[in-house]
Novice: 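Before we start, here is the structure in question, set down as structure tokens.
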Amino acid sequence: MIQKKICMVGMFGTGKTSLIRQFVYSKFSDKYHSSVGVKIDRKQVHLGDATVNLLLWDLAGKDDFEDLQTSYLRGSAGLFFVADGTRRNSYDQLFELRRLAFETIGDVPYVVALNKADLTDLWALQQQDYDALTKAHWHVLRTSAKTGNGVNEAFYWLAAEMIKNKAT
Amino acid sequence: MTRGQGFEDPEQDVQDAIENSDRTGRDFSALRELLIGDEKRVLQELQQRVTALETPEELANILPDAIALRTAQDKKLARALSPTIEEAISESVKRSPQQIALAIFPILGPAIRKAIAETMAGFVNTLNRAIEHSLSLRGLQWRIEAWRSGVPYAQVVIKHALVYRVEQVFLIHRETGLPLAHVAQGDRDTQDADVISGMLTAIRDFVTDSFDAGSEAGLRTFVVGDVTVLVEAGPKALLAAVVRGQHPTEFLERLQGTLETIHLQFATSLSRFDGDPGPFEATKPLLEACLDTLLTTDRPGTRRATLRIAWGIGLGIVLLLVMLAFRSSRRWNRAIATIEREPGIILVDTDRGFRRSSLRGMRDPLAANPMMLLTQMGVDSSRVEALWEPYLSFDSAIVVARARAVLDPPPSLEIQLRGEILLASGTAPADWLSGAARLAPQMPGVARVDFSNVDITVPRELRTLASHIEQSRILFDVGSAALTAIARETVAEVADSLQHLQSISRDERYRTTLDIIGRTDTTGSNETNQVLSQQRAVSVLGLLAELGVSEDAMNGVGIGTSDPITTDDPISMARINRSVAFVVRLEPDTGSIWRLR
């Protein structure tokens, strides 16, 4: 069975932990965030005839991306970026976060979840924003940790990318 | 390259030359071929080999042999190469230190361990000496065991002191934090090995980042209660052991050794790891060798026993202190009660302190010494301060004591107080009595003295003289009251003695009275005998008066047979009762009537 490390990257309050909680049953309490700055969960996914054990490193979100604890990123086979669709600056910082992450660990498969899609009234992103992301090679999914919409798709897509990456 | 091919080119050249020249030229060439053809071919072959030597392929073929040959000859080659090699290594370290570290890790590890082991050996010796000074009961037992088994004492201590169990061992990929292999004791749940591996790596990273410890240092040990997590880090992998209890230093070395072996044996798999832990299944026997349990059944028990002994001793000390305090307090209270009961002492205030105590009160000068009483009751009187105001006690014991002090009675006299009357009983000289009768009423607490139970002691000289007189007996003939010649002589002696006694007793302030008692034998009637005895007494009295004894000091009395002098022989009994006997009474000349003895 293949094991892969995925880091969840995103600003404070974008819903990384909620996404993981939607995706897996958490063993560790969330207090690890405040103490160690990271919480790790596991999820097994089946992709065709391959089973992949995903280890999800949920990094504590920071208000300022420069505080990103890059040492936790080391060894990641994939990155799961999260932005809050109702907060524009969390979207704006995605590019800088990606640059920083790649600077540390090199080019790995990644995905971006525009979270809180259930809050349509407060949604702050427009079509041109999606286009900008796509143009910059982001794979974009709209997710809602509350309803579960798009969550599985995002994780499975990333897992598949990582496996594919290995094959090539 | 085959030999045929080697000939092809020169032959071609020759033919070209032939075709380009005329016929004559061709003949000439043929001639030349005939003459020097062989030499030319050898020359061409040589030329070819020289050219070939300049290609890397040929050099590669001969270089190892050449180096080996030259190295065997002298050290010139090594000297020539060393600056280049040094430069190359330094460059390599600069460019990719991880590579060099990975390469020399298996060599460096044991070397460092050996150096550390030597240092540790010295340390253990020091420890040995230190332990040798600890003289606990347990230490003594261990010492005996060491002596019996011939094993160094420190080893025995370690054997007893170290108990540990390695419960889980994780082999973790250093970069990703993914588990490569995991083994655990017994049926422990191993499901979360991946998450735990991740967290261990994260925590290590966290500590390294937080405290700026440098990338190669990292967290090596963390302790949670009884559980210690030991983390050994290699260039590619971490080895983490979860240990319950106290692990020995050797265990750390074992972990290091295991990690080095894994780095050596699985170097390729470690470098190429991409999430598939399959190749590391083979490390499990190595990891399982680290799952160590050292059980000494006596240690927890010893701990409990030691604890029990410690508690016991503590409790014993507390009990002893309580008992001592209780005893001391009881002793003090009893001493105070004794002092309070003591006549002539009134306690006003007592204060018992831890170090010093104090007493305050009033004391008759004749009362017992309270400090002596305290000492007698077992209280350390040197720690007691006492302040006594003098006073006069009317307690009967003190009044009696005072009477003794003032009157100084002879030892034969008992004095006691009843109410305010001083009662004396026993014997005392007459002159003491007269003095005491005068002094006693002046004493505080005494209204008067009662001497009615006191017998007067008579001076020895008077007593002797009196008994001499009383031993004299005047014998009469049957039925007669007439004094015989012998009787007259005896009476004269009595008269002398009596006059002598009287003269002395006057000086001693005693008055002497002589009772003259007449008796008869039992023959005859009582009336006759009464009269006869009376006559016998009168006869003696008359003669004594004639001889100068004052009649005032004499009483004559006839008692007949009423109070006979008895003896076993009836004849002599009759004889001695036909007589007159004397009783001398000595009375103090005080006017009172004293009984004499």
Side-chain angles (χ1 to χ4, degrees), chain A residues 1-8 20 24-29 31-45 47 50-60 62 67-79 104-106 108-109 159 161-168, chain B residues 98 170-182 189-219 222 224 229 231 233-238 240 269-281 283:
Chain A
M1 183 173 58
I2 301 293
Q3 308 183 88
K4 293 289 178 193
K5 171 178 173 178
I6 294 176
C7 272
M8 307 288 290
I20 288 179
V24 303
Y25 167 77
S26 286
K27 177 181 167 64
F28 294 114
S29 89
K31 71 174 178 229
Y32 283 84
H33 277 140
S34 46
S35 49
V36 185
V38 66
K39 182 172 84 92
I40 301 170
D41 287 299
R42 173 193 56 218
K43 173 80 175 181
Q44 262 184 29
V45 296
L47 294 164
T51 305
V52 184
N53 200 24
L54 298 179
L55 286 157
L56 306 169
W57 287 48
D58 181 9
L59 308 190
K62 298 287 169 85
D67 288 340
L68 185 68
Q69 275 182 292
T70 48
S71 63
Y72 290 148
L73 295 175
R74 272 203 313 261
S76 288
L79 294 173
T104 312
I105 60 167
V108 296
E161 271 307 289
M162 292 189 302
I163 299 295
K164 197 162 61 182
N165 193 45
K166 182 205 166 199
T168 53
Chain B
Q98 281 284 359
F170 296 85
L171 182 65
I172 304 168
H173 189 242
R174 186 168 175 169
E175 195 183 16
T176 60
L178 294 171
L180 300 174
H182 171 242
D189 177 28
T190 60
Q191 271 199 332
D192 293 315
D194 45 7
V195 184
I196 293 170
S197 299
M199 278 314 286
L200 279 177
T201 318
I203 290 167
R204 253 179 65 85
D205 289 346
F206 169 71
V207 172
T208 309
D209 289 354
S210 303
F211 304 112
D212 201 18
S215 60
E216 289 311 307
L219 186 68
F222 42 104
V224 189
V229 181
V231 184
K236 291 284 183 191
L238 304 175
S269 304
L270 281 171
S271 299
R272 292 184 182 162
F273 178 71
D274 66 342
D276 179 13
F280 299 96
E281 199 63 25
T283 62

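A note on names: the letters A, B, ... follow the listed sequences, proteins ahead of strands, and every chain is numbered from 1.
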Novice: Pair B:Val195, A:Leu55 - check side chain to side chain contact (heavy atoms under 4.5 Å, CB included), show working.
Specialist: CA-CA 7 Å; B:Val195 184; A:Leu55 286 157; 4.2 Å; yes
Novice: Quick check: closest heavy atoms across B:Thr176 and A:Gly75, and the distance to 0.1 Å?
Specialist: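 Minimum heavy-atom separation between B:Thr176 and A:Gly75: CG2-O, 3.0 Å.
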Novice: Closest approach of B:Asp274 and A:Lys4, non-hydrogen atoms and distance?
Specialist: O-NZ, 2.5 Å
Novice: Look at the side chain of A:Gln3 and the backbone N and O of B:Pro277, then say whether any donor-acceptor pair between them is shorter than 3.5 Å.
Specialist: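 Side chain of A:Gln3 to backbone of B:Pro277: no pair is present.
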Novice: Please name the pair of heavy atoms, one in A:Ile40 and one in B:Ala202, separated by the smallest distance, quoted to 0.1 Å.
Specialist: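 Closest approach of A:Ile40 to B:Ala202: CD1-CB, 4.3 Å.
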Novice: Quick check for you: to the nearest 0.5 Å, what is the distance between B:Asp194 atom CG and A:Leu54 atom CG?
Specialist: 10.5 Å
Novice: Write down the atom of B:Glu175, the atom of A:Lys5, and the distance for their closest heavy-atom approach.
Specialist: O-NZ, 4.3 Å
Novice: How close do A:Trp57 and B:Thr201 get, counting heavy atoms only, and between which atoms?
Specialist: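 Scanning both residues, the minimum pair turns out to be CH2-CB, 4.2 Å.
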